[in-house]
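Counting begins at 1 with the first residue of the sequence. Everything numeric here is computed off the predicted structure, so don't read it as measured data.
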Amino acid sequence: MQTDTQFSSAAMKRTSDWIRSQEFPSDITIQVGESSFNLHKLPLASKCGYIRKLVSGANGSRVTHLEITGMPGDAKAFDLVIKFCYGVNFEITADNVAMLRCAAEHLEMTEECKPGNLIGRTEAYLEEVALASLEGAVTALRRAEELLPASDKVQLIGRCIDAIATMTCGDGSHEGLDDVGAPPKPVDDWWADELTALRIDTFQRVMIAMKARGFKGIAMGTMIMLYAQKSLRRLDMNGRERKKMEPRQEHEKRVVLETIVSLLPREKNTMSVSFLSMLLRAAIYLDTSLACRLDLETRMAAQLGQAVLDDLLIPSSSPEGAGTAYDVDAVQRILAGYLENEGEATRLDYNTDDDFASAASPPNDVGPVGKLMESYLAEISSDVNLPVDKFTGLAELIPERARFNEDGMYRAIDIYLKAHPSLGEGERKKVCGVMDCQKLSREACAHAAQNDRLPVQTVVQVLYHEQRRLRVPPPSQAPSGAPSYAGGESPAVSYGRERSAPSSEVSRLQRENDELRMELMQMKMRLRDPSGAAPAPAPPLAAGATRSFPSSGKPPLPKKQGGSGGGGGGGFMKKLGRLNPFVRDPLGGGKVRTKPPKDRRHSIS
């Protein structure tokens, strides 16, 4: 026998050496892949129906060379088949049973050829050993996956998946198909690690089978999270300078991600918001289908109360310089979905009995969500590519009940105006229009009154509301049962509090009130003179002389430039009426109060 033989392993070489040592010389050479085997026709044809067909008949004796193509497991599997045909003992294990079963099917090693053939031996091992334990079923599935589509032809993949699903969701017995109501086993590290190494299509089939048998909720979410972390960990989704992958690799990642999203449990709180945010970033990066991204946004909206700022800082898919750094539209859709869910929960509370409503209603987290969105606005406000409409659209979407004060909104507006100095007066008014000046704290009011970036109308409103706040004491100081009045308190209560308050507090409030009134007057003077010319300074007082004021102790108001019916005074009042919604237009038919209202005569002013 002079034929050269190539061996892929030491085991194949030992098999060939044993064959050469037999009394009869080899009469056929079989090529499998890159390996060739010098063998005998009789032991092979007696157990392999495929080889029997080729070497039998009138021309069978002249066949000295065969090439077997499409062999599952290639030369490694054929080496074990040779041992089986020649009666050499070897061990069938969970690691090689799938390969042997597929090779036996390919070579037609059935019971018709010879009883106790390789197909029957491998089937017995699968049923009695491999698929009877979770470890064996997982190992067999891993090996069967490498042999597709041959392993699917013998239904080996499906049987392994059914065994795994039954044992993870049942009582551990292979026959326990009826016990689908038993609680699922906890996720073990070893078999979770094995399952998450499967191909995405096989993993999908495993998850669907396990879900059908009761494997749901957090346990299923944990498995999906582990698989996603392994599959998507090499994606660099941060920043604009991310490197693009090869088209084929990108397509594979896209299919993996879309499949993972389709497998996510529908139960709430089974996945963390941070994980959902990571999936959404990957979906934008890989340009997945719109349905995939909207599904992730809907899931994030349902758990927005658990999110932190980093979860919302989702990079935009637009190229650098062509759009915003973060995907503001996605966050706006998430907030809109959250508000829609909250509205449905509120209607459910009113339309059901108390027991069901208390169990179905989510915790009231609208306050933290409002603060989160204000922090998000402040974070994205410094983006020079953020248009006014996107800023105001997101700000107006935050409900009033979620905004206990406007300090966070004022901070975001101030950052936005600072980052966009070229905005016109109308655009700055639109930006500031999303803020309620009545809800600003004293510190924010003091900052806003001196903020040159704010439009004049906003500053006037801030000063006006701060003056009203100084006139109205906090509710904690009001006596119990005291009625409230529009714009202030009853004169009697206000007068009594004046007499009982400490004189130092009254003096301090008077000084602050006078300072605010003077700032408001100066603002009116600047509005009155659009040219911006400063008013002429008052003539210096002579030595020892004093400037006289009215009996009220306050400086006189500046006189109008024209008569009472002149155009100067009317134009100024029209302008002030347009700027300040709390001042009525004297030329619009209504009367202007020239004296303080009666309920203000006894207040501290």
Side-chain angles (χ1 to χ4, degrees), residues 187 192 196 200 203-204 207-208 210-211 215-239 242 253-317 324-342 344-345 362-363 365-366 368-373 375-377 379-380 394 397-398:
V187 178
T196 52
I200 184 60
F203 180 77
Q204 182 183 23
M207 289 294 102
I208 292 175
M210 294 173 69
K211 183 178 180 181
F215 191 77
K216 300 178 182 178
I218 297 178
M220 186 173 182
T222 302
M223 288 287 298
I224 296 174
M225 287 177 62
L226 292 173
Y227 192 91
Q229 289 172 356
K230 283 188 176 182
S231 304
L232 306 174
R233 60 187 172 187
R234 291 184 178 88
L235 288 181
D236 183 14
M237 299 171 289
N238 298 322
R242 53 196 182 192
K253 295 289 185 182
R254 186 183 302 114
V255 171
V256 168
L257 180 57
E258 291 179 352
T259 306
I260 287 174
V261 174
S262 68
L263 291 174
L264 293 178
R266 289 295 171 185
E267 296 87 356
K268 189 177 178 182
N269 297 326
T270 55
M271 318 294 296
S272 67
V273 184
S274 299
F275 175 70
L276 295 174
S277 175
M278 184 272 289
L279 292 182
L280 182 56
R281 297 180 193 205
I284 295 174
Y285 176 80
L286 295 172
D287 193 21
T288 60
S289 63
L290 180 61
C292 175
R293 282 175 280 177
L294 292 179
D295 188 6
L296 290 171
E297 291 174 5
T298 303
R299 293 174 184 274
M300 288 186 65
Q303 300 176 220
L304 187 58
Q306 306 168 14
V308 296
L309 180 59
D310 287 342
D311 298 334
L312 301 182
L313 297 178
I314 304 168
S316 175
S317 59
T324 57
Y326 298 109
D327 197 334
V328 183
D329 295 334
V331 175
Q332 188 166 350
R333 290 191 295 269
I334 291 172
L335 179 58
Y338 167 81
L339 296 176
E340 183 179 356
N341 294 338
E342 191 202 22
E344 292 177 357
D365 51 9
V366 67
V369 169
K371 291 183 179 180
L372 174 64
M373 299 312 300
S375 300
Y376 177 78
L377 275 174
E379 185 70 25
I380 66 173
L394 182 58
L397 199 59
I398 305 176

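Between Val261 and Cys292 the shortest heavy-atom distance is CG2-SG, 3.6 Å. Summarising the geometry of Asp327 relative to Ala330, their closest heavy-atom pair is OD1-N, 3.1 Å, with the distance given to 0.1 Å. The shortest non-hydrogen separation linking Met271 to Gly221 is SD-CA, 3.4 Å. Scanning both residues, Ser231 and Val256, for their nearest heavy atoms gives CB-CG1, 3.8 Å.
In this structure, Phe275 and Met278 have side chains that are in contact, with non-hydrogen atoms separated by less than 4.5 Å. When side chains are defined from C-beta on, Pro265 counts as touching Ile224, because their heavy atoms get closer than 4.5 Å. Met223 places a side-chain heavy atom less than 4.5 Å from the side chain of Phe215. For the pair Val331/Tyr326, no side-chain contact is recorded, criterion being any heavy-atom separation below 4.5 Å from C-beta on. Gln229 is not listed as a side-chain neighbour of Thr196, based on a closest heavy-atom distance of 4.5 Å or more.
In terms of the salt bridge (Lys or Arg N to Asp or Glu O under 4.0 Å) criterion, Glu258 has no residue partners (sequence neighbours excluded). In this view, Ile208 and Gln204, Leu263 satisfy the side-chain contact (heavy atoms from CB on, under 4.5 Å) rule, not counting sequence neighbours. Remark: Gln303 engages Lys268, Asn269, Val273, Leu276, Gln306 in a side-chain contact (heavy atoms from CB on, under 4.5 Å) (not counting sequence neighbours). Lys211 meets the side-chain contact (heavy atoms from CB on, under 4.5 Å) test with Lys216, Met220; sequence neighbours excluded. Partners of Ser272 according to the side-chain hydrogen bond (donor to acceptor under 3.5 Å, both in side chains) rule, which considers only residues two or more places apart in sequence or in another chain, do not exist here.
In this structure a side-chain-to-backbone donor-acceptor pair under 3.5 Å is present from Ser262 to Thr259. Judged by distance alone, with hydrogens and angles left aside, the side-chain atoms of Tyr338 form no donor-acceptor pair with the main-chain N or O of Gly305 at under 3.5 Å.
Among Leu397, Leu312, Leu309, the single residue meeting the side-chain contact (heavy atoms from CB on, under 4.5 Å) criterion with Met373 is Leu312.
Atom CG of Leu279 and atom CD1 of Ile260 lie 7.0 Å apart (nearest 0.5 Å). For the atom pair CG of Asp311 and CG of Leu280, the computed distance is 10.5 Å after rounding to the nearest 0.5 Å. Of the inter-residue distances, the one linking Leu304 atom CG with Asn341 atom CG reads 10.0 Å to the nearest 0.5 angstrom. In this structure, OG1 in Thr288 is found 8.0 Å from CZ in Arg254, a value given to the nearest 0.5 Å. With values rounded to the nearest 0.5 angstrom, Ile334 atom CD1 is found 10.5 Å from Leu294 atom CG. To the nearest 0.5 Å, atoms OG1 (Thr324) and CD1 (Ile380) are separated by 7.5 Å.
Listed by first and then second residue, the salt bridge (Lys or Arg N to Asp or Glu O under 4.0 Å) pairs that reach into residues 285-294 are Asp287-Arg293, sequence neighbours excluded.
Salt bridge present: Arg299 and Asp295 bring a charged side-chain N and a carboxylate O closer than 4.0 Å.
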**Prompt:** Could you walk me through whether Val369 and Leu335 pass the side chain to side chain contact (heavy atoms under 4.5 Å, CB included) check?
**Reply:** CA-CA 9 Å; Val369 169; Leu335 179 58; 4.1 Å; yes
